[in-house]
Amino acid sequence: MKSLDKPGSAPTFDSVAEFFAQALAIEIEAWERYGELADQMETHNNHVIADIFRKMAHIEGMHRDEIKRRAGDALVGGRPASFSWLAPEGPEAIDLGDVHYKMTPRQALMLARHNEERATRYFEAIAEAATDPEIKAFAQIMAEDERHHVVLVDQWLDKFDPDDPDWAEDLDPPVISE
Ligand code: ZN
């Protein structure tokens with residue numbers, strides 16, 4: 001498995017099993033992270049955003065199950081893969097270590113968006129580079145789904161003006177002692 005984030009470096013796989021293992025790792029990471037984000041938004045008393053992340057967790061959980069189903073025996077003996085979410089850089093930057101205490105709903109959505117885009121680019125690169133028709137076709141479907149997730153997150157970001165009191169960034173801020 002080659003680098004995920006270096007532009008122009010398409011990931012390549014030695015086998016279909018390796019591809020499925022990586023795709024599965026991406027979806028498991030997304031499913032886990034969305035669950036965590038939902039929990040964090042609950043602690044912010046932001047149930048609207050928490051519900052969004054629960055829904056995203058559910059969607060990614062279905063992806064995970066779909067990959068398992070498609071991979072079937074191909075996964076058996078395949079090398080286990082890993083994939084970690086990254087924090088966006090720039091003005092929306094957050095430290096993943098601070099997530100539990102300080103993350104605002106907007107930052108949480110930007111984190112989600114960043115990683116949905118990453119997943120999209122990742123699957124697009126696989127689809128482009130794949131010579132195996134099975135991998136190519138499935139990677140195209142996954143890329144399409146992930147693109148749709150970016151749109152979903154964008155719709156939620158658009159729904160709230162950051163200055164809107166309903167945005168509730170500081171509705172019930174956690175006590176931060178430093
Ligand atoms: Zn996704």
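Here, residue 1 is the first one in the sequence, and each next residue gets the next number. Order of listing sets the numbers, starting from 1, for every ligand and every atom in it.
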Visitor: Any idea which N/O/S atom from Glu146 gets closest to the Zn ion (ligand 1)?
Guide: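 Glu146's closest N, O or S atom to the Zn ion (ligand 1) is named OE1.
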
Visitor: From the N, O or S atoms in Glu60, identify the one nearest to the Zn ion (ligand 1).
Guide: OE2

Visitor: Could you tell me how the ring of His63 sits relative to the ring of His149: parallel (under 30°), tilted (30 to 60°) or perpendicular (over 60°)?
Guide: tilted

Visitor: Ion pair present between Arg33 and Glu29, side-chain N to carboxylate O less than 4.0 angstrom?
Guide: yes

Visitor: If you have a sec, read the angle at the Zn ion (ligand 1) from Glu116 atom OE1 over to His149 atom ND1, to 10 degrees.
Guide: 100°

Visitor: Quick check: does any side chain N or O of Asn115 sit under 3.5 Å from a backbone N or O of Arg118, one acting as donor and the other as acceptor?
Guide: no

Visitor: May I ask you to decide whether Arg70 forms a salt bridge with Asp65, counting only side-chain N to carboxylate O separations under 4.0 Å?
Guide: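 No, no charged N to carboxylate O under 4.0 Å.
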
